[in-house]
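In what follows, a single structure is set out as structure tokens and then discussed.
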Amino acid sequence: DQISFQHDFQPVPGKPGHYTLFDNGNLRDEKYSRAVEYQLDTINMRAEKIWEYRHDPDRFSRVMGNAQRLPNGNTLVNWGGDDLPVITELGPDSVVVYEADFSTDMNNYRTFRFA
């Protein structure tokens, strides 16, 4: 479960000790990116993976990207970079509820949704 070239480590609102991040995955043999949620135990120095989302088929964003947990429990994932500028919003059950695909000549470092 190696994390590499990660971006946007964020606390999950209303869930103390829980954090999301975007894992670019550059150092894995099988290249894929994902959004991940971990619960951190800073007393025992342990991390437990609570949730992850990998697109099917896999997407690989070698640079950039982020994951944002929204107040309604959805997660917004930005598959950043100039070769894959796509935004995916997932429901709590990881079902895609919205997706936007931009032209490949755009750079999209981070995406946020504000209510």
Side-chain angles (χ1 to χ4, degrees):
D1 228 14
Q2 181 182 11
I3 300 169
S4 59
F5 289 65
Q6 68 278 356
H7 284 87
D8 198 37
F9 185 78
Q10 296 269 339
V12 175
K15 292 177 82 176
H18 288 241
Y19 298 86
T20 57
L21 62 86
F22 184 81
D23 174 18
N24 292 86
N26 293 51
L27 298 180
R28 281 191 284 275
D29 291 335
E30 178 189 356
K31 303 282 191 246
Y32 64 87
S33 300
R34 64 187 177 153
V36 191
E37 176 184 346
Y38 288 97
Q39 181 176 14
L40 301 184
D41 176 349
T42 57
I43 294 170
N44 296 305
M45 303 306 287
R46 298 183 59 85
E48 178 184 357
K49 182 175 69 174
I50 302 298
W51 171 88
E52 79 172 4
Y53 178 76
R54 287 173 62 177
H55 190 273
D56 185 17
D58 279 327
R59 290 181 171 150
F60 175 60
S61 178
R62 64 179 186 79
V63 297
M64 304 183 207
N66 71 299
Q68 177 194 14
R69 183 63 47 81
L70 302 171
N72 66 358
N74 287 2
T75 304
L76 189 69
V77 181
N78 169 37
W79 312 89
D82 57 358
D83 56 338
L84 187 65
V86 177
I87 300 166
T88 305
E89 184 176 334
L90 311 160
D93 54 1
S94 298
V95 172
V96 175
V97 296
Y98 174 80
E99 192 155 76
D101 191 351
F102 298 96
S103 70
T104 56
D105 59 349
M106 279 183 70
N107 282 313
N108 189 15
Y109 182 71
R110 293 228 171 112
T111 298
F112 295 99
R113 183 168 176 192
F114 299 95

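The figures that follow rest on heavy atoms only: side chains count, while hydrogens, waters and symmetry mates do not.
With N24 contributing its side chain and M64 its backbone, the two residues share a donor-acceptor pair below 3.5 Å. Between the S33 side chain and the S61 main chain, a donor and an acceptor come within less than 3.5 Å of each other. A side-chain donor-acceptor contact under 3.5 Å links D93 to the backbone of V95.
Note: T20 OG1 to Y53 OH = 15.5 Å, rounded to the nearest 0.5 Å. Rounding to the nearest 0.5 Å places CG of L70 at 6.0 Å from CZ of R113.
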TODO: Give the intermediate values and the outcome of side-chain contact (heavy atoms from CB on, under 4.5 Å) for residues I3 and L21.
DONE: CA-CA 10 Å; I3 300 169; L21 62 86; 4.2 Å; yes
Open item on the list: Test side-chain contact (heavy atoms from CB on, under 4.5 Å) on Q68 and Q10; report intermediate values, then the result.
Closed with: CA-CA 8 Å; Q68 177 194 14; Q10 296 269 339; over 6 Å; no
- [ ] Mind running side-chain contact (heavy atoms from CB on, under 4.5 Å) on E37 and T75 for me, showing each step along the way?
- [x] CA-CA 10 Å; E37 176 184 346; T75 304; over 6 Å; no
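What you find for N26 and S4 is that their closest heavy atoms are N-OG, 3.0 Å. Taking every heavy atom of both residues into account, I87 and N78 meet most closely at CG1-OD1, 4.3 Å. In plain terms, the two heavy atoms of P92 and N74 that are nearest each other are CD-OD1, 3.2 Å. Here the closest non-hydrogen pair linking E99 and V96 is CB-CG1, 4.3 Å.
Among the candidates H7, Q6, R28, R54, the single residue satisfying the side-chain hydrogen bond (donor to acceptor under 3.5 Å, both in side chains) test with D23 is R28.
Follow the hydrophobic side-chain contacts under 4.5 Å out from Y98 and you never reach V77; the two are in separate clusters. Linking Ile, Leu, Val, Met, Phe, Trp and Tyr whenever their side-chain heavy atoms come within less than 4.5 Å leaves Y38 and F22 in two separate clusters. When hydrophobic clusters are built by joining Ile, Leu, Val, Met, Phe, Trp and Tyr residues whose side-chain heavy atoms come closer than 4.5 Å, directly or via intermediates, L76 is not grouped with V36.
Side-chain N/O atoms of W79 and T88 include a donor and acceptor closer than 3.5 Å.
You'll find the side chain of R69 reaches within 4.5 Å of the side chain of W51, heavy atoms only.
Between F9 and Y19, the two ring planes are parallel [angle under 30°; tilted spans 30° to 60°].
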